[in-house]
Structure formats: structure tokens, C-alpha cells
Amino acid sequence: MKKRIISAATVFACTALMVSGSIVAYESQVKEDSITAGVFAYTAVDNISDDMSVADASVVATAAPVQRNAFGYNNLGVSVAEGKLNVREQPTTESEVVGIMPDNAVCDVVETDGDWLHIKSGDVEGYCLGSYIATGEEAQNIADSSISKKATVNCDSLTLRSVPSTDGDVVSSMNQGKKVQVLEELDGWVKVNSDGKEGYCSAEYVSVADEIPTAMSKEELASTAGASVVSNALQYVGGRYVWGGETLGKGVDCSGFTMKILEQYGVYLPHSADAQMDMGTKVNSLAEAQPGDLVFYGSGGYANHVGIYMGDGQLVHASSAKTGIKISDASYRTPIGIRRYV
């Protein structure tokens, strides 16, 4: 894969070294043989190959002059990493990752530090390799084309339907604060794309505005990933419980349900509640649980049931053959363990 090294006047090409699961400081603390590292299912980049360095190309010796106050930034920069770009606490690949720049995310270039740029983007401040940040007119053009219309949910839970009517089938559910892409605005309804699912929601319960991507902090990434897990799981409420089942939409048991949901986020678990409880990062209590965490039930330290914590004391789980996949109070039984994977 080729990466662009961009300055105001010169474009070079180099080969990038991709670093999987590179939010190192925030990955789950798990046994090496227990789970596939890929907690956020993201691949981020912040390094370059030996065949061409930024220093060789003299790309970022100085920050290029740019349009003042573009998109609210004095010295506009845009990520051109063709993937997620790490923002690190210090200008070294050994430093902690403090955030991620999505594709075409904008930032303010504060200063240069060798091959690195000190940037501010959204609530994130840190350092990125300058070879992956466009500046000047190039940055302005990319930013102009990256503006999109987003809807933000402003109620506790909002149903996404297949047609613009309360009679439409439920596609999924969106939690308060979730931002989704707007596809179309209708009379009283908004068509959106939520985690790859298209549907209609009431315009009364969303705020629509033009936005441009900025960096996401580790905390935002975790919140987004957990909320996405819950939203994904909720679309299967009412589905069948099948002992030993592991096919979403056809039938799953409790650990089959959690296994297949988290698999979609790069987390690979065994088909066993007790084995799943041995993995991930320990959470001490329900009071500390976050959406997307797994809650385990059983006795004597042995887990015989598991569900996905939704937040606000609720759980979505494949309950039994009689009730199927449903929502319950997370304290309907006393949890014996809580684990975090995303």
C-alpha cells in the first residue's frame, strides 16, 4: 500500500508500515493465547519504511503557510494516511497513543518537531508523523470535500425503522448522543446510516448539522465501540435461543450470542461462558460497567450464563428457549464477573 507524503508544493511516495491494534495503552489486558488483539477493529499507522524517510524528503522542515482560520483552525492540516492515524503523547513511536485521526480528519498544526507535527484536533492534542498530514491548499481541498451532514440522537433511545413510519419494522436502536450519517431529510423523518444499517428515525429526536471529522480520544473510541456493540446486539432481541447455536438470526445460546456479536469487532471468544470470563479486562462491579461489557452469572466461581451490558442497569442476552433473546435487569441474578473487551 502506498502512502502520500504531502507538503504545500511537493508530493512523494513511500511504503507505510501498518501497525494493527495500535491503541496499545487501551487494549484489554488479556492472556496472550486468549484473544485476538484487535480490540477496536482498527488499523492505525504512524511509521514509515526504511526505503524513504520524511527527513530524506525534507517534507516537514517547516509548516507550510495555509489559509487562516479554515474550519476554525489557524494552520489547517488533514490526515492522508489512507487509514487510521495514531496521535501520540510525544514525538516518538514508543510514546503512548492518546487518540486516533480518522480518514480526512482535520487538525490545527501547532508546530513541527523533526519528522513529527504537534497537532490539535477536537479534544485531542499530540504528535503525528508529518508524512501523513497534508497542509496548505491540499488540506483545504480535502477538508472541503469531507464535510458531511450528521444527526445526533437527543433522547435516551431512538428506534431506527425500515420505512418513515411508526409501522415500519425495527432496524436497530440508537442511544443518546450517538452520531450517524444523514442520507436524506424528509417531512418529520430523517434517513440515516447507523453502523452500516440504513433506516428512518423521527426528526423530532435528532439534531442535524454539517460536521467534519476530527481526532477521537481513547475514551471516545471506547464509548463509541461499546455503544456500537449494544446497538448491534439489540437488533436480535426477540430472536430464538438454541442450545449450542451460534448463528445470529437463526438461533444462539448465551455464549454463542456474545461470541458472535463481539466477533464483529475483532474480538474472538470461545463458545463457553466460563471460558469467556477468563478473558478480557476485569471490571469490579456493575457500577463501573460500561456498555458493551460482558456480565457473567453462576455459582462457585463457575459461569453458566453471560449477557451484554447495555448501560443504565440493563442487560441484553440470549436468556432461555422459552424467552429467547431479551432485555433484563442486569441484577436479575447476582453477577459473579464482569469483563471488558472493547
Side-chain angles (χ1 to χ4, degrees), residues 1-18 42-49 52-88 91 98-152 179-185 192-193 208-217 220-221:
M1 180 180 293
K2 296 295 183 181
K3 304 293 181 185
R4 293 185 296 170
I5 302 180
I6 299 178
S7 68
T10 310
V11 178
F12 295 94
C14 69
T15 303
L17 173 63
M18 305 302 291
Y42 288 150
T43 297
V45 59
D46 62 1
N47 209 341
I48 55 177
S49 64
M52 177 179 284
S53 71
V54 177
D56 292 336
S58 300
V59 173
V60 291
T62 59
V66 298
Q67 178 178 336
R68 303 295 292 179
N69 297 317
F71 298 96
Y73 295 106
N74 290 328
N75 195 15
L76 182 68
V78 179
S79 170
V80 291
E82 297 179 15
K84 311 301 179 185
L85 176 63
N86 285 329
V87 182
R88 293 188 178 270
V98 296
I100 290 291
M101 291 270 280
D103 295 340
N104 298 336
V106 298
C107 66
D108 200 358
V109 179
V110 178
E111 61 182 350
T112 64
D113 190 337
D115 292 346
W116 295 79
L117 294 181
H118 178 191
I119 64 101
K120 293 181 179 179
S121 179
D123 295 328
V124 177
E125 180 174 359
Y127 293 83
C128 296
L129 272 173
S131 54
Y132 300 111
I133 299 290
T135 58
E137 184 177 354
E138 177 78 11
Q140 185 71 50
N141 291 337
I142 297 173
D144 285 339
S145 64
S146 299
I147 298 173
S148 62
K149 197 173 291 292
K150 295 291 183 69
T152 303
K179 290 186 177 182
V180 292
Q181 180 185 3
V182 174
L183 303 177
E184 186 180 5
E185 292 185 80
V192 302
N193 184 316
V208 177
D210 288 332
E211 293 191 6
I212 192 164
T214 58
M216 300 179 69
S217 68
E220 289 175 309
L221 285 167

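What you see is a predicted model; the values in this text were computed from it and never measured.
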Enquirer: Within the 4.5 Å heavy-atom criterion, are L129 and W116 side-chain neighbours or not?
Expert: yes

Enquirer: What distance separates I119 CD1 from T214 OG1, expressed to the nearest 0.5 Å?
Expert: 9.5 Å

Enquirer: Working to the nearest 0.5 Å, report the span between CG of N86 and CE of M101.
Expert: 11.0 Å

Enquirer: Quick one, I100 and K84 - any side-chain contact, counting heavy atoms below 4.5 Å?
Expert: yes

Enquirer: Do you know which two heavy atoms are closest between V110 and K120, and how far apart they sit?
Expert: CG2-CG, 3.9 Å

Enquirer: Nearest heavy-atom pair of E125 and H118: which atoms, and what distance?
Expert: OE2-NE2, 2.7 Å

Enquirer: Measure the spacing between CD1 of I147 and CG of N104 and express it to the nearest 0.5 Å.
Expert: 12.0 Å

Enquirer: Testing the basics here: between D103 and P213, what is the closest heavy-atom pair and its distance to 0.1 Å?
Expert: O-CG, 3.9 Å

Enquirer: How long is the straight-line distance from OG1 of T135 back to CD1 of I142, given to the nearest 0.5 Å?
Expert: 10.0 Å

Enquirer: Does any N or O in the side chain of D108 come within less than 3.5 Å of the main-chain N or O of Y73, such that one atom is a donor and the other an acceptor?
Expert: no

Enquirer: So, for A151 and V208, which heavy atoms are closest and what is the spacing to 0.1 Å?
Expert: CB-CG2, 4.1 Å

Enquirer: With rounding to the nearest 0.5 angstrom, report the SG to CG distance, C128 to D115.
Expert: 13.0 Å

Enquirer: For residues A215 and P102, report the shortest heavy-atom separation together with the two atoms involved.
Expert: CA-CD, 4.1 Å

Enquirer: Is any side-chain heavy atom of E138 closer than 4.5 Å to a side-chain heavy atom of V80?
Expert: no

Enquirer: Quick one: does N141's side chain get under 4.5 Å of V78's, heavy atoms only?
Expert: no

Enquirer: Can you measure from NZ (K179) to CD (E211) and round to the nearest 0.5 angstrom?
Expert: 3.5 Å

Enquirer: When you measure from the side chain of S121 to the backbone N and O of V106, does any donor-acceptor pair fall under 3.5 Å?
Expert: yes

Enquirer: Do the non-hydrogen side-chain atoms of N193 and V180 ever get within less than 4.5 Å of each other?
Expert: no

